[in-house]
Structures are given as structure tokens and as C-alpha cells.
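Okay, so here's the structure we're looking at.
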Amino acid sequence: MGILEGKAVAVTGAGRGIGRAVALDLAANGAKVVVNDYGVAVDGTAPTSEVASAVVSEIEAAGGEAVANASCVTTMEGGASIVQSAVDAFGHIDAVVCVAGILRERMLFNMGEEEWDPVIETHLKGTFTVSRAAAPLFREQRSGTLIGFTSGAFAASVAQANYSAAKGGIVSLVRSAAAGLYKYGVTANCVAPVAKSRMAGAVPLDFQMGDPEDVAPLVTYLVSDRARHLTGQIYSINGGEIGVYNQPEVVRTMSKEGRWNPEEIAEQIDLGIGCERLPILDMLDRMAAAAKKKKGGS
Ligand SMILES: NC(=O)c1ccc[n+]([C@@H]2O[C@H](COP(=O)([O-])OP(=O)(O)OC[C@H]3O[C@@H](n4cnc5c(N)ncnc54)[C@H](O)[C@@H]3O)[C@@H](O)[C@H]2O)c1
């Protein structure tokens with residue numbers, strides 16, 4: 001008996017990369033799986049239904065149970081059809097795992113609606129459409145779990161304001177789902193993965209990356225009954241390293257009787273609350289210094 005025996009789970013973006021590894025691992029642990037994938041290129045274009053079907057064949061060949069769904073997560077109909085696929089095929093749904101994503105990189109000063117809208121729609125709205133369809137069923141059955149896929153880039157990213165904003169939105173959506181569904185016994189958590197995939201291949205990174213298969217057991221655990229005490233969390237994972245993010249909170253305050261004026265704030269802020277430096281700026285300073293040194297030396 002696997003730890004997910006009897007569970008029905010829908011995974012979006014499960015045709016490739018991390019989503020595929022997650023779907024295979026869920027099935028290997030006993031879950032019945034809806035393999036959703038719109039089958040698009042990294043930038044979201046050129047859909048094909050073959051990608052989802054191929055993973056269903058892999059699961060079946062390994063002795064598991066799965067159905068394919070080639071809907072696009074960006075529409076309400078698409079989200080509803082993914083959840084309905086589980087209900088139709090397996091009679092119920094216990095978890096949704098929203099992995100589907102695309103990239104359209106551009107500096108903010110060059111970014112157009114054609115980069116902004118599809119990225120926000122696929123990641124953020126795509127997590128909403130599926131969660132929205134599952135939430136009433138979870139509420140009714142007084143159980144269920146939602147897993148959103150965010151990224152370390154939610155904290156900041158140089159040439160991905162669209163992606164970073166979508167991933168930050170997913171964090172807030174998932175935290176709000178955790179709060180809103182808490183009294184119904186429904187949980188919601190985020191995974192922030194790093195793994196070698198075609199999407200990661202497009203991003204220059206200066207650290208080692210694990211494999212999509214390294215991410216899958218964390219998702220399997222979060223779907224299992226062993227994780228029912230966890231909600232509103234963000235877990236990072238890269239290879240063998242799992243981390244947990246802190247919860248955002250006000251870290252210092254400064255007060256006076258009545259209203260501040262700008263001059264008083266200017267005088268007091270560095271002595272009082274100071275600031276919390278954006279960590280990525282240190283990396284950018286190091287890169288700029290290295291580039292300057294190289295230029296000076298050549
Ligand atoms: N790979 C990494 O290092 C990394 C880092 C941080 C976050 N992530 C996140 O993990 C998730 C998976 O990334 P990956 O690296 O496996 O990417 P990937 O490109 O290999 O897989 C993404 C899958 O999503 C599918 N998809 C795209 N748009 C869709 C839509 N509208 N409807 C349904 N399916 C759609 C694609 O067809 C593709 O199969 C993404 O949300 C990504 O942002 C990945």
C-alpha cells in the first residue's frame with residue numbers, strides 16, 4: 001500500500017518537467033491522477049494534447065491509474081474541466097497540484113502586454129481557476145489540499161517582473177486559501193522548486209540544480225495524510241535540500257503621538273526602523289563589480 005492509496009489528485013502542467021515527475025510519483029504511491037497539460041512551448045504557444053496522454057501511458061505502464069486532460073488552465077472552463085475529470089474518472093478529488101507555467105522574459109522597460117498577460121494568466125489565474133473549481137468540493141467533504149507552485153523569483157527577479165509578480169500572487173493566493181478554508185479542514189501550501197527542466201534551461205543561474213524527480217516526494221508527502229497539520233507554508237526544494245520560508249511580518253516600528261510629517265520621517269527613519277535591504281541587490285552589486293574588473297583587466 002502506497003501512502004496515497006485511495007486518493008485522487010489533479011496535477012496541472014503534468015506533461016513535462018516537474019509536473020510529470022510529480023504525477024509519476026503520486027501514481028507510484030497509489031494515487032489516481034489527472035494528468036493535465038496543454039502541451040505548449042516554454043512561451044505558452046503551440047498547444048498539443050499528446051503531452052498529457054504520453055504521461056498517462058507511462059503511469060499505466062508502471063501499473064498506476066491516470067486520465068489525461070489537455071485543457072488550458074487560464075480559463076474558468078479549463079480549471080473546472082480538470083477537477084471534473086477527477087470526479088468523472090475516480091468519483092472524487094482529494095488534491096489539486098498547480099504546476100503549469102510558462103516564461104516570457106523581458107526587462108520591465110521593454111515588457112509589453114503580450115509578455116505580461118499570458119504569464120500572469122497561466123501561473124496566477126491558472127492556479128485560481130483550478131483551486132476555485134476544487135474549493136467547493138473540498139469544503140463540502142471537509143477535506144482536501146491545494147498545492148501551488150511558486151519560485152524563489154517571487155522575492156524579486158531582474159528580467160521577469162511578470163513571472164515574479166505571478167509567483168508572488170500565488171503565494172498570497174495560497175496563504176489566503178489556507179486562511180479561508182482553515183475552518184473546513186482544508187489545507188493549502190506552496191512549493192518553490194529548483195530543478196533542471198526546459199524552463200530552467202532558459203534562465204541563467206549561478207548554482208547547482210537538482211532534478212524534477214527530487215521535487216516529487218515533497219509533493220507526495222504534502223498530499224498525504226501525514227501532512228494534514230501543515231497549511232500556509234512555502235517549502236523550497238533543490239536536489240536534497242528542503243527549506244521553509246518565513247511568514248511576512250512587520251519587523252520593527254517607530255511611533256509618535258499623532259501624525260508624522262515627511263521631514264520628521266526623513267530625520268527619524270535611519271535611526272528608527274531603518275530598512276530591510278533587498279537581498280538580490282548584493283548579488284547584482286557583485287556581478288557589476290566583477291564585470292567592471294573584467295573590463296578593466298582586458
Ligand atoms: N524548473 C525550475 O527550476 C523552476 C524554478 C522555480 C519554479 N518553477 C515552477 O515549477 C513549475 C514547473 O516548471 P518546469 O520547470 O517543470 O517547466 P516545464 O516547461 O518543463 O513544464 C511546464 C508544463 O506546463 C504546461 N503548461 C503551460 N501552460 C499551460 C496551460 N495554460 N495549461 C496547462 N498546462 C500548461 C506546459 O505544456 C509544460 O508541460 C512552473 O510553475 C515553474 O514556474 C520551476
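Note that ligands are numbered from 1 as they come in the structure, with each ligand's atoms numbered from 1 the same way. When a residue number appears, it is its place in the shown sequence, counting from 1.
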Looking at non-hydrogen atoms alone, which of Pro193, Ala21, Ala200, Ser151 comes nearest to atom 5 (C) of ligand 1? Pro193

Pick whichever of Ser236, Gly210, Gly101, Gly148 has a heavy atom sitting closest to atom 22 (C) of ligand 1. Gly101

Can you check whether Tyr235 and Tyr221 have ring centres sitting under 6.0 Å from each other? no

Within less than 4.0 angstrom of ligand 1, does [X] place any heavy atom?
{"X": "Thr150", "answer": "yes"}
{"X": "Thr12", "answer": "no"}
{"X": "Cys72", "answer": "yes"}
{"X": "Glu121", "answer": "no"}
{"X": "Ser71", "answer": "yes"}
{"X": "Gly126", "answer": "no"}
{"X": "Thr122", "answer": "yes"}
{"X": "Val51", "answer": "no"}
{"X": "Lys167", "answer": "yes"}

Side chain, backbone, both or neither: which part of Val73 has a heavy atom under 4.0 Å from ligand 1? both

Indicate, as side chain, backbone, both or neither, the part of His123 found under 4.0 angstrom from ligand 1 when only non-hydrogen atoms are considered. side chain

Check step by step if salt bridge (charged side-chain N to carboxylate O under 4.0 Å, His left out) holds for Asp225 and Lys7. CA-CA 10 Å; Asp225 290 338; Lys7 302 247 183 241; 2.7 Å; yes

Report yes or no: does [X] contribute a side-chain atom to a donor-acceptor pair with the main-chain N or O of [Y] at less than 3.5 Å?
{"X": "Glu264", "Y": "Asn261", "result": "yes"}
{"X": "Arg104", "Y": "Glu114", "result": "yes"}
{"X": "Gln268", "Y": "Ile273", "result": "no"}
{"X": "Ser224", "Y": "Leu4", "result": "no"}

Answer yes if Val87 and Val130 sit in the same cluster of Ile, Leu, Val, Met, Phe, Trp and Tyr residues linked by side chain heavy atoms under 4.5 Å apart, and no otherwise. yes

So if I count the atoms of ligand 1 from 1 in the order they appear, which ones are less than 4.0 Å from some heavy atom of [X]?
{"X": "Gly13", "value": "23 (C), 24 (O), 25 (C)"}
{"X": "Ile18", "value": "1 (N), 10 (O), 16 (O), 44 (C)"}
{"X": "Val40", "value": "26 (N), 27 (C), 28 (N), 36 (C), 37 (O)"}

Kindly indicate, with the supporting measurements, whether the criterion side-chain hydrogen bond (donor to acceptor under 3.5 Å, both in side chains) is fulfilled by Arg175 and Gln247. CA-CA 10 Å; Arg175 283 197 171 116; Gln247 301 288 356; 2.9 Å; yes

Test side-chain hydrogen bond (donor to acceptor under 3.5 Å, both in side chains) applied to Asn69 and Ser81, step by step: CA-CA 8 Å; Asn69 176 301; Ser81 99; 3.1 Å; yes

Which pair of heavy atoms, one from Ser71 and one from Asn36, lies closest together, and at what distance? O-ND2, 2.9 Å

